[in-house]
**Q** 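Supplied in structure tokens, the structure appears directly below.
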Amino acid sequence: MEVPVRKLRVGVIDLVTKGPTRALYARVMNANLASIMPQVVAAWCEAEGHDVTFTCYTGFENLAEELPDGVDLVFIGAFTEAAFLAYALSGLFRSKGAVTVLGGPHARCYPEDARKYFDYVVGFTDQAVIREVLLDCAPHRPVGVHLQARQQPATLPGVRERWKFIEQTLRKAPVLKIVPMIGSLGCPYTCSFCIDSVVPFQPLDFAVLKEDLRFLVRTMKHPRVAWHDPNFGVRFDDSLNAIDAAVPPHSVEFLAESSLSLLSEPHLKRLERSGFKALLPGVESWYELGNKSKTGQNKGLDKVRQVSEHVNMILRYVPYVQTNFVLGLDSDEGAEPFELTKRFVDLTPGAFPGYSLLSAFGRAAPLNLQYQRANRVLPFPFHFLDNNHAMNVKPRNYAWRDFYDHVIDLTAYTFSWRAIGNRFRATRTMTPRWMNVVRAVSSEGFGRLAYYAELRRRLDADQEIRRYVDQETTDLPAFYADKVREDLGPFWEWLPAGALQHDPNAYLKSEDSPPGLAETPAGATEAIP
Ligand code: B12
Ligand code: SF4
């Protein structure tokens, strides 16, 4: 006899920010940063017959009121920067009797830590994993269960099935409304710092993609789509053929992250014809990763010239280009890498440079094991791990103060009025022009510069911070604890005791003593003790 399934009241929360905010930029942009998976999870829970309340938290909502009273199970999707908000919410909902589940980048990178605060922590997630959680739906405390599918899911619900959650989220975006879509998972490249360097490339169903685009053209006035593929266009012709077969040229505007090696001139001509308006290629370093940027053995100034020419060519076809760089890689030494990036800014005035400080997100990438083995990973609280507010890898070739001097110099150069003016003039169309100005004068440009300057001042004057970054102590400097308290606002009181600290070497320790993998009866899921 079949046991009837209990109908659950399920809440799904997508955290796109780390705490309450009133910032204008957040009001305009945060809803456009919504993730795909929380919408997928909500659709899968409904398909299993449960009542679902979905909310994308953009920093303006009252979360305690958004979910119904008596919710049985709460899924939270979070980046590491929002881990504390997620932990606090888990505490809050558990206190009301709910069972809690964490998924997303933080769950993938720091499962050992997250299990202390959630009943379930999930890595790769497919429908079977979600079904398993729904069927079990029980408190697992003090240490939660860690579940993951053996690989990325073969299919994901498309825009049509996610639409009611997308629509509800985009109502929060007052001007620009961007729909998240995905055409592939994983990546064939193997950039050692990247979470996808070990995940096989896998295209998703092109038929779903086509149907979704047709649906969007019927449903929205001027649809804009952001591709969340880790590297869009690996199967270039297949992807573009699918887009072109589905919708008339320019009826949808597209944004995508794509590596330079995929952005040849013939490909760019096609992308322009099909309505691509923004591309975000990764340059990362002037000394490494030649394959990805198609610069082969070229290094240093030669690579700057080559990449600059390439990006200027991209700008002839696509109006908005953000070039991503990682600062502080082991191959960087002295002033040269920073000076080279300044040359790039001069030679490529139309591109918006996105800088990330080298960060090791737990078990995200194999390279992190090397950093942990060398005792180079600092235990900065998760809240600051957003590629900018803290660099949690001790640089190999720089003292901290010198490093921040270079970072400040480069940031000031990139967001000087001269560079802002050059960028404005070199950008062809209105929205990208102003977007660049707004990004430069808001938290990303001026805001970061002020933050780095404050940090640099403290590296001289604040004994606690100096000892912390020099690894003489793991006691958290008051500066950081105060900032978390301020940013979490009312959620601070729900932050579990001890959450500010984590073991930065948990990945290495788990590798040194490998756990036995216990299979569930389905055989498709791993429950990791
Ligand atoms: C697309 C993308 C973006 C997009 C879209 C972001 C979004 N909200 O989804 C944009 C450009 C906006 C973005 C911004 C940022 N990103 Co980003 N981004 C990615 C990228 C390239 C792909 C992620 C993706 O969607 N994959 C497809 C999904 C289906 O697969 P998946 O992510 O592997 O998820 C699986 C599981 O984790 C699980 N899952 C995922 N979410 C959830 C949620 C629930 C509830 C459940 C149950 C399961 C679940 O199911 C999936 C299927 O198995 C990854 C790098 C990569 N190559 O993966 C970085 C990555 C996720 N980003 C990263 C970072 C740091 C950022 C920024 C902080 C950068 C910055 N300084 O601005 C911001 C933060 C934005 C925010 N708070 O929303 C880091 C995250 C590390 C971490 N532990 O936090 C990554 C891993 C890159 C890296 N540095 O290694 N990003
Ligand atoms: S090309 Fe991009 S997505 Fe692929 S491994 Fe390198 S950094 Fe990761």
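Values below: all heavy atoms of this structure, side chains included; hydrogens, waters and symmetry mates excluded. Treat the numbers as computed from the prediction; the structure is a model and nothing was measured. We count ligands from 1, going down the list as the structure has it; atoms in each ligand are counted the same way.
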**Q** Just to confirm my output: which protein heavy-atom neighbour is closest to atom 68 (C) of ligand 1, and how far is it?
**A** E81 OE2, 3.8 Å

**Q** Select one of side chain, backbone, both or neither to describe which atoms of P105 lie under 4.0 Å from any atom of ligand 1, heavy atoms only.
**A**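 Both backbone and side chain of P105 come within 4.0 Å of ligand 1.
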
**Q** Heavy atoms, side chains only, cut-off 4.5 Å: are Q39 and P180 in contact?
**A** yes

**Q** Among all protein heavy atoms in this structure, tell me which lies nearest to atom 57 (N) of ligand 1, with the distance rounded to 0.1 Å.
**A**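 Its nearest protein heavy-atom neighbour is D196 OD2, 2.4 Å.
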
**Q** Does atom 52 (C) of ligand 1 have a protein heavy-atom neighbour under 4.0 Å away?
**A** yes

**Q** Within the protein, is there a heavy atom lying under 4.0 Å from atom 88 (C) of ligand 1?
**A**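 No, there is none.
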
**Q** Could any protein non-hydrogen atom be found less than 4.0 Å from atom 20 (C) of ligand 1?
**A** no

**Q** Report whether any nitrogen, oxygen or sulfur of C187 sits less than 2.8 Å from atom 6 (Fe) of ligand 2 (N, O or S, backbone or side chain).
**A**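 Of the N, O and S atoms in C187, none lies under 2.8 Å from atom 6 (Fe) of ligand 2, which means no.
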
**Q** Does S359 have a heavy atom less than 4.0 Å from any atom of ligand 1?
**A** no

**Q** Passes ring-ring contact (aromatic ring centres under 6.0 Å, His included), F344 versus F325? Steps please.
**A** CA-CA 11 Å; F344 178 83; F325 300 90; 5.5 Å; yes

**Q** If we count only non-hydrogen protein atoms and require a distance under 4.0 Å, does atom 81 (C) of ligand 1 qualify as touching the protein?
**A** yes

**Q** Does the protein put any heavy atom within less than 4.0 Å of atom 29 (C) of ligand 1?
**A** yes

**Q** For atom 85 (C) of ligand 1, grab the closest protein heavy atom and report residue, atom and distance to one decimal in Å.
**A**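 Sorting protein heavy atoms by distance from atom 85 (C) of ligand 1 puts I195 CG2, 4.9 Å first.
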
**Q** Can I182 be said to touch ligand 1, with heavy atoms closer than 4.0 Å?
**A**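 A heavy atom of I182 does come that close to ligand 1.
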
**Q** Look at ligand 1 and say whether V41 reaches it with a heavy atom at a distance under 4.0 Å.
**A** yes

**Q** How far is atom 7 (C) of ligand 1 from its nearest protein heavy atom, and which residue and atom name does that atom have?
**A**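 Answer, as residue, atom name and distance: S35 OG, 3.3 Å.
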
**Q** With rounding to the nearest 0.5 angstrom, report the CG to CG distance, L156 to L185.
**A** 6.0 Å

**Q** Counting heavy atoms only, which part of H228 comes closer than 4.0 Å to ligand 1: side chain, backbone, both or neither?
**A** both

**Q** Measure the CG-CZ distance between L216 and R224 for me, rounded to the nearest 0.5 Å.
**A** 13.0 Å

**Q** Under 4.0 Å from atom 46 (C) of ligand 1, is there any protein heavy atom?
**A**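 Answer yes: something from the protein, a heavy atom, is under 4.0 Å.
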
**Q** Check P153 against ligand 1 and report side chain, backbone, both or neither, counting heavy atoms closer than 4.0 Å.
**A** side chain

**Q** Determine, stepwise, if the pair D503 / K509 fulfils salt bridge (charged side-chain N to carboxylate O under 4.0 Å, His left out).
**A** CA-CA 10 Å; D503 180 354; K509 287 178 191 160; 2.6 Å; yes

**Q** Check for a donor-acceptor pair, side chain of R423 on one end and backbone N or O of V345 on the other, with a separation under 3.5 Å.
**A**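 Absent.
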
**Q** Closer than 4.0 Å and a protein heavy atom, does any atom meet both conditions relative to atom 13 (C) of ligand 1?
**A** no

**Q** Provide, to 0.1 Å, the distance between atom 65 (C) of ligand 1 and the closest protein heavy atom, together with that atom's residue and name.
**A**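 Nearest protein contact, heavy atoms only, for atom 65 (C) of ligand 1 is N387 ND2, 3.6 Å.
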
**Q** Any N or O of T17 that comes nearer than 3.5 Å to an N or O of ligand 1?
**A**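 Such a contact does not occur with ligand 1.
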
**Q** Check step by step if side chain to side chain donor-acceptor pair (under 3.5 Å) holds for N392 and Y371.
**A** CA-CA 10 Å; N392 71 341; Y371 296 138; over 6 Å; no

**Q** Just need the protein heavy atom nearest to atom 70 (C) of ligand 1, so name the residue and atom and give the distance.
**A**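 Of every protein heavy atom, D386 O, 3.9 Å lies nearest to atom 70 (C) of ligand 1.
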
**Q** Would you say atom 72 (O) of ligand 1 touches the protein, meaning some protein heavy atom is under 4.0 Å from it?
**A**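 Given the 4.0 Å limit, the answer for atom 72 (O) of ligand 1 is no, no protein heavy atom qualifies.
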
**Q** Which of the atoms in ligand 1, numbered in the order shown and given with their element, are less than 4.0 Å from a heavy-atom of L33?
**A** 7 (C), 8 (N), 12 (C), 78 (O)

**Q** Please tell me if the side chains of V121 and Y110 come closer than 4.5 Å, counting only heavy atoms from C-beta onward.
**A**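 With C-beta onward as the side chain, the pair stays apart.
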
